[in-house]
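Reckoned from all heavy atoms, side chains included, excluding hydrogens, waters and symmetry mates. In this text, all values refer to a predicted model and were calculated from it rather than measured experimentally.
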Amino acid sequence: MLVTQGLVHQGYLAANPRFGSLPKVALAGLLGFGLGKASYIRVCQSKFHSFEDQLRGAGFGPEHNRHCLLTCEDCKTRRGLSEKAGSQPSAS
């Protein structure tokens with residue numbers, strides 16, 4: 001956007017008689033935003049795929065810790081203790 005504004009100011013690009021340099025600068029900003037998004041999309045997709053792999057198998061239910069999407073070591077120990085307590089046979 002700054003380069004476009006500079007080109008309009010130097011006279012290399014003609015300014016609009018009514019709106020000045022605004023349409024060209026806005027178009028340059030939109031194109032820059034779009035090109036930036038397009039160039040980053042593969043990195044973003046790979047991040048989502050790696051996050052999806054971490055969440056695979058996480059579901060809802062009594063064993064699932066709903067406030068914690070990732071399984072940290074503390075959650076694993078709590079879940080392990082609750083599974084051991086729940087797996088003991090009853091005396092009846």
What donor-acceptor contacts under 3.5 angstrom involve side-chain atoms of residues 25-37, with partners at least two apart or in another chain?
none

Going by atom type alone, with no hydrogens or angles, which donor-acceptor pairs under 3.5 Å involve a side-chain atom of residues 3-11 and a protein atom two or more places apart or on another chain?
unit_1: Gln5; atom_1: OE1; unit_2: Ser21; atom_2: OG; d: 2.6

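In this structure, OH in Tyr40 is found 3.0 Å from NZ in Lys47, a value given to the nearest 0.5 Å.
Residues near Phe19 contribute nothing to a hydrophobic cluster around it, because no ILVMFWY side-chain heavy atom sits closer than 4.5 Å to its side chain.
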